[in-house]
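Report on one structure; see the data block that follows.
First the proteins, then the strands, lettered A, B, ... as listed; each starts at 1.
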Amino acid sequence: MNYWLFKSEPGAYSIDDLAKEKKTFWDGVRNYQARNFLRDGVKKGDQVLFYHSNSEPNGIYGIAEIVKEGYPDHTAFDPESHHFDPKSKPQNPAWFMVDITFVKKFSTPVTLEEIKANPKLQEMKLLQRGNRLSIQPVTKEEFSIIVSSGK
DNA sequence: GCCAACGTTGGC
DNA sequence: GCCAACGTTGGC
């Protein structure tokens, strides 16, 4: 079992949207490093910290779980889609996505400020300088610290 | 709204 | 293959 952090701008897709829909496909990832995680690393049953960026406050708002492993991101094939990428072909897809399901929403989010203040969480990729990766691995320890502080 | 950090593109 | 220009991310 692996642990991940997925970033989303709540204006685009929030934990409340997921709570309502119960399940969604995580499309539109157009970064190679994040793509590699989606294609090769993310497995069914893995747990996901759901992070809101550009929000007030920034932080982890809840938990999701992987229900379907990496498969081609079909939005890249659709010229009408905002995520269309002509370089990605159905016979040789460049981009991948996974399906996630809602697990829980924290009654109070674990904020970026709290994460920064916790000595045990200093290694998180989230805090590393200039980090923009939207899919990041998280250790089991980091995951359990966050889950136990986010009720 | 600003801007630093970073990834990608394209001319050479 | 280099690197300047450009676009995007995301905290503040």
Problem - Contact state string [nucleotides 4-12 of chain C, B base, S sugar-phosphate only, - no protein heavy atom under 4.0 Å] - result: ---BBBBBS
Completion exercise
Walking DNA chain B from its 5' end, the first of A/K87 and A/G130 to be reached, judged by nearest nucleotide, is A/G130
Practice task
Kindly state each residue pair satisfying salt bridge (Lys or Arg N to Asp or Glu O under 4.0 Å) with at least one member in residues 53-68 of chain A, sequence neighbours excluded.
Solution key: none
Practice task
Would you mind listing every salt bridge (Lys or Arg N to Asp or Glu O under 4.0 Å) that reaches into residues 71-88 of chain A, with sequence neighbours excluded?
Solution key: A/R30-A/D73, A/D85-A/K87
Exercise for the section: Determine to 10° how strongly the helix from B/dG1-C/dC12 to B/dC12-C/dG1 is bent, judged from the axes of its five-pair ends. Expected result: 10°
Practice task
Look only at the side chain of A/D46 and the backbone of A/N2, and say whether a donor-acceptor pair between them is shorter than 3.5 Å.
Solution key: yes
Exercise for the section: For this output row, return yes or no: ring centroids of A/F50 and A/W26 closer than 6.0 angstrom. Expected result: yes
Exercise for the section: Sequence neighbours left out, what pairs pass side chain to side chain donor-acceptor pair (under 3.5 Å) with at least one residue falling in residues 112-134 of chain A? Expected result: A/T111-A/E114
Completion exercise
Tightest non-hydrogen contact, residues A/F37 and A/I135, listed as CD1-O, 3.5 Å
Handout entry: Distance-only polar pair, side chains of A/Y13 and A/E21, donor-acceptor under 3.5 Å
Key = yes
Problem - Partner residues of A/F96 under the ring pair (Phe, Tyr, Trp, His ring centres under 6.0 Å) criterion, sequence neighbours left out - result: none
